[in-house]
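First comes the structure, then the notes that go with it.
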Amino acid sequence: MLDIIYKDRDIAVCIKPVGYLSEEDGNKKSMPKAIKEALGVKDVFTVHRLDKNVSGVMVFALNSRAASGLARQIQEKAVKKEYLAVVNGVPKEEKGSMFDLLFRDASKNKTYVVDRERKGVRDASLDYELLSTEDARSLVRVDLHTGRTHQIRVQFASRGMSLVGDGRYGSGDGKDEPALFSYKLSFFHPINKKKMTFTSFPTTEGAFELLSEDIIEKLGEQTCRSEK
């Protein structure tokens, strides 16, 4: 069943499962299709995206006015997105920033870090915080400032820290299930303008066994402080 954590007549906030597309595409499994079936609504608008094999919190508009308002916030960088990722290796610093130029090759469905600006190249930036490490794997919190395709995956991989399970930018074993979860999403309601923050955590299994109850409590406290 689809996990819908908030809904009103304008928006629906859901946990996107792995394997679902963010946008509707024919008969393929997609979030708009699943939301329509779950809520019995006619229209669902995708305003931001997660990779097919990435899970986490997403907001969808249920009418064109709400879609326009959310899209405007995304353009103005008023929507805040934070992720949890498990990477191979250990960052040199407990907290840091990454700045890169990224080129997207649509024909290969792959993004590359490049060293100079040219047509199709866009800037990318994020901040990270090391939360825990064990057996040469690290759990990091990522504060994403730009929403480029595969941005987190390629920026960490380019520094020798590919995401666990990332077959596209890491292991090359044919699997493509990166340990990446969109755990926190903040925005203003597109109609009533109320500040809204939603937080969810992945199950502490597999790669995310590094996510302890203490860390979840700490991240929850950070969320509460940010809303005061």
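Since the structure is predicted, the reported quantities are computational estimates derived from the model, not experimental observations.
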Test your reading of the model: is there a side-chain donor-acceptor pair from [X] to the backbone of [Y], 3.5 Å cut-off?
| X | Y | result |
| --- | --- | --- |
| Lys16 | Val54 | yes |
| Lys80 | His145 | no |
| Ser158 | Gln155 | yes |
| Ser22 | Leu50 | yes |
| Tyr169 | Thr111 | yes |
| Gln151 | Arg148 | yes |
| Lys110 | His150 | no |
| Thr204 | Phe208 | no |

Please examine the side chains of [Y] and [X], heavy atoms only from C-beta on, and report whether any two atoms are closer than 4.5 Å.
| X | Y | answer |
| --- | --- | --- |
| Val142 | Leu84 | no |
| Val113 | Leu101 | no |
| Ile5 | Ile15 | yes |
| Glu217 | Leu219 | no |
| Lys95 | Leu130 | no |

Same cluster or not: are [X] and [Y] linked, directly or through other Ile, Leu, Val, Met, Phe, Trp or Tyr residues, by side-chain heavy atoms under 4.5 angstrom apart?
| X | Y | value |
| --- | --- | --- |
| Val13 | Phe201 | yes |
| Phe188 | Ile11 | no |
| Val114 | Val154 | no |
| Leu2 | Leu21 | no |
| Phe181 | Ile215 | yes |

ring-ring contact (aromatic ring centres under 6.0 Å, His included): which pairs involve residues 2-45, sequence neighbours left out?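 Output for this query lists Tyr6-Phe198.
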Show the nearest heavy-atom pair for residues [X] and [Y], with the distance to one decimal.
| X | Y | result |
| --- | --- | --- |
| Asp10 | Asp8 | N-OD1, 2.7 Å |
| Ser97 | Asp127 | OG-OD1, 2.5 Å |
| Ala38 | Ile4 | CB-CD1, 4.0 Å |
| Ala66 | Pro190 | O-CB, 3.6 Å |
| Val164 | Val87 | CG2-C, 4.1 Å |
| Ala179 | Ala207 | CB-CB, 3.7 Å |

Quick one: pull up [atom1] in [X] and [atom2] in [Y] and give me the separation to the nearest 0.5 Å.
| X | Y | atom1 | atom2 | answer |
| --- | --- | --- | --- | --- |
| Leu126 | Phe99 | CG | CZ | 8.5 Å |
| Leu211 | Leu131 | CG | CG | 8.0 Å |
| Phe187 | Leu70 | CZ | CG | 6.5 Å |
| Arg49 | Ser182 | CZ | OG | 14.0 Å |
| Lys77 | Lys81 | NZ | NZ | 11.0 Å |
| Asp176 | Arg168 | CG | CZ | 5.0 Å |

For residues 25-37, please give each side-chain donor-acceptor pair under 3.5 Å, one per line with the distance, not counting sequence neighbours.
unit_1	atom_1	unit_2	atom_2	d
Ser30	OG	Lys33	N	3.3
Lys36	NZ	Glu24	OE1	3.0

Would you please name every residue forming a side chain to side chain donor-acceptor pair (under 3.5 Å) with Ser132, sequence neighbours left out?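 Partners of Ser132 by the side chain to side chain donor-acceptor pair (under 3.5 Å) criterion come out as none, since no residue qualifies.
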Should the pair Arg153-Asp166 be classified as a salt bridge under the 4.0 Å nitrogen-to-oxygen rule?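 Judged by the 4.0 Å cut-off on N to carboxylate O distance, Arg153 and Asp166 do form a salt bridge.
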Can Glu129 and Lys218 be counted as an ion pair, charged N to O under 4.0 angstrom?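 Yes, charged N to carboxylate O under 4.0 Å.
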Are side-chain N/O atoms of Ser107 and Asp105 paired as donor and acceptor at under 3.5 Å?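 Yes - a donor-acceptor pair under 3.5 Å links their side chains.
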Asn63 and Asp43: side-chain donor and acceptor closer than 3.5 Å?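 There is no such pair (donor and acceptor under 3.5 Å, judged by atom type) between the side chains of Asn63 and Asp43.
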Does Ile74 form a side-chain contact (heavy atoms from CB on, under 4.5 Å) with Val47? I'd like the steps, not just the answer. CA-CA 8 Å; Ile74 291 172; Val47 294; 4.1 Å; yes
Stepwise, does the side-chain contact (heavy atoms from CB on, under 4.5 Å) test hold for Leu62 with Val44? CA-CA 5 Å; Leu62 303 182; Val44 175; 4.1 Å; yes
For Arg159, give me all partners under salt bridge (Lys or Arg N to Asp or Glu O under 4.0 Å), at least two apart in sequence or on another chain.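 Partners of Arg159 by the salt bridge (Lys or Arg N to Asp or Glu O under 4.0 Å) criterion, ordered by chain and then number, come out as Asp100.
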Hey, mind stepping through Ser186 and Lys195 against side-chain contact (heavy atoms from CB on, under 4.5 Å) and telling me if it holds? CA-CA 7 Å; Ser186 299; Lys195 177 69 179 292; 3.9 Å; yes
Determine which pairs satisfy side-chain hydrogen bond (donor to acceptor under 3.5 Å, both in side chains) with at least one residue from residues 82-93, sequence neighbours left out, and list them in order.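 Every side-chain hydrogen bond (donor to acceptor under 3.5 Å, both in side chains) pair that includes a residue of residues 82-93, provided the two are not neighbours, is Glu82-Arg141, Glu82-Tyr183, Asn88-Ser162.
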Assess whether atom CZ of Arg122 is packed by more than 12 heavy atoms of other residues, nucleotides or ligands within 6.0 Å.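 12 or below, so no.
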Is it the case that atom CZ in Arg118 sees more than 12 heavy atoms from other parts of the structure closer than 6.0 Å?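 Yes, enclosed.
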Any residue meeting side chain to side chain contact (heavy atoms under 4.5 Å, CB included) with Ala85, in chain and number order, not counting sequence neighbours: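 With sequence neighbours excluded, Ala85 shows a side chain to side chain contact (heavy atoms under 4.5 Å, CB included) to Val140, Leu163, Leu180, given in chain and number order.
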Mind checking whether His48 and Phe60 have parallel, tilted or perpendicular rings, split at 30° and 60°?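 Aromatic pair His48/Phe60 classed tilted.
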Carefully, step by step, assess Leu144 and Ile152 under the rule side-chain contact (heavy atoms from CB on, under 4.5 Å). CA-CA 8 Å; Leu144 196 63; Ile152 295 173; 3.8 Å; yes
